[in-house]
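Reading through the structure tokens given below for one structure.
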Amino acid sequence: AQSVTQPDIHITVSEGASLELRCNYSYGATPYLFWYVQSPGQGLQLLLKYFSGDTLVQGIKGFEAEFKRSQSSFNLRKPSVHWSDAAEYFCAVGELSFSGGYNKLIFGAGTRLAVHP
Amino acid sequence: DVKVTQSSRYLVKRTGEKVFLECVQDMDHENMFWYRQDPGLGLRLIYFSYDVKMKEKGDIPEGYSVSREKKERFSLILESASTNQTSMYLCASSSRPGSYEQYFGPGTRLTVT
């Protein structure tokens with residue numbers, strides 16, 4: 001079965017510092033990969049996605065992620081963090097539901113980001 | 001913009017009560033999903049629906065049922081609420097069977113006492 005691992009439960013960075021959130025997946029074929037962000041009290045918002053092609057993908061809010069097949073990773077990065085980036089971040093992999101032919105997402109446990117002024 | 005709304009942001013119910021969580025999307029999406037979110041566990045899929053009156057079990061369907069009588073509305077039902085169902089419940093929708101991209105509602109925080 002597909003799975004997603006986010007090794008870091010909590011990360012704290014200073015405002016203006018760079019950020020990298022780690023994500024490793026387990027999937028047999030070429031994965032469809034996603035990063036979502038959940039601000040306090042809100043639902044999840046899609047930051048970026050990877051389906052194929054260029055392994056470096058750009059997303060909203062200045063985030064980017066790099067797909068590395070050899071490492072089964074899809075790490076999220078931002079060069080300079082803002083206080084408003086404090087949130088919980090979820091990595092997800094798409095899974096085809098063979099019984100119904102419909103697609104699902106398998107989520108990691110999330111990484112909570114705190115930003116110090 | 002896609003809008004997914006959930007009927008309540010916070011709910012407090014007693015053990016044994018029947019609980020209905022409602023979700024409505026306004027973009028004519030075929031697929032709708034119910035997740036529960038618990039600290040350290042991320043989001044786990046309870047049920048999803050790919051058409052009106054069609055449903056499929058997710059990873060943790062025990063203790064839950066769903067109803068989809070209209071395309072825009074997907075309800076999660078706790079037949080007899082228990083304290084271990086205290087959680088955040090998130091509804092999502094996606095536009096077509098081949099689409100993985102899901103749009104989420106704000107969530108309902110349910111407390112069962």
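Since the structure is predicted, the reported quantities are computational estimates derived from the model, not experimental observations. Reminder, nothing fancy here: chain letters follow the sequence lines and each chain counts from 1.
Proximity to chain A is limited to the side chain of B/L45, based on heavy atoms less than 4.5 angstrom apart. Residue B/D38: no heavy atom, backbone or side chain, is found under 4.5 Å from chain A. For chain A, the nearby part of B/Q37 is the side chain; its heavy atoms alone come within less than 4.5 Å. Residue A/Q6: no heavy atom, backbone or side chain, is found under 4.5 Å from chain B. Contact of A/Q38 with chain B is made through the side chain alone, with heavy-atom distances under 4.5 Å. For B/R44, no part lies under 4.5 angstrom from a heavy atom of chain A.
In terms of hydrophobic clustering, with Ile, Leu, Val, Met, Phe, Trp and Tyr side chains grouped at heavy-atom distances under 4.5 Å, A/V13 and A/L76 are assigned to a common cluster. Linking ILVMFWY residues whenever their side-chain heavy atoms come closer than 4.5 Å, directly or via other members, leaves B/Y35 and B/Y89 in distinct clusters. Linking ILVMFWY residues whenever their side-chain heavy atoms come closer than 4.5 Å, directly or via other members, leaves B/I77 and B/F48 in distinct clusters. The same ILVMFWY cluster, assembled from side-chain heavy atoms under 4.5 Å apart, contains both B/L21 and B/F74. In terms of hydrophobic clustering, with Ile, Leu, Val, Met, Phe, Trp and Tyr side chains grouped at heavy-atom distances under 4.5 Å, A/I60 and A/V37 are assigned to a common cluster.
Residue with the most contacts toward chain B among A/I106, A/L46, A/L44, A/I9: A/L44 (heavy-atom pairs, distance under 4.5 Å). For chain A, the option among B/R109, B/M88, B/R9, B/M54 with the highest count of heavy-atom pairs below 4.5 Å is B/R9.
Between A/A109 and B/G40, the shortest heavy-atom distance links the atoms CB-O, 3.3 Å.
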ask   = Between A/Q45 and B/F104, does a side-chain contact (heavy atoms from CB on, under 4.5 Å) hold up when you go through it step by step?
value = CA-CA 7 Å; A/Q45 180 184 20; B/F104 284 81; over 6 Å; no
ask   = So A/L105 and B/L43, side-chain contact (heavy atoms from CB on, under 4.5 Å) or not? Walk me through it.
value = CA-CA 9 Å; A/L105 291 176; B/L43 277 73; over 6 Å; no
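Atom-to-atom distance recorded for B/D59:CG and A/E95:CD is 7.5 Å, nearest 0.5 angstrom. Remark: B/Y50 OH to A/K104 NZ distance equals 12.0 Å, nearest 0.5 Å.
Using a distance-only test at 3.5 Å, with no hydrogens or angles considered, no donor-acceptor pair links the side chain of A/Y32 to the main chain of B/E101.
Taking a 6.0 Å sphere around CG of A/L56, one finds it holds more than 12 heavy atoms contributed by other residues, nucleotides or ligands.
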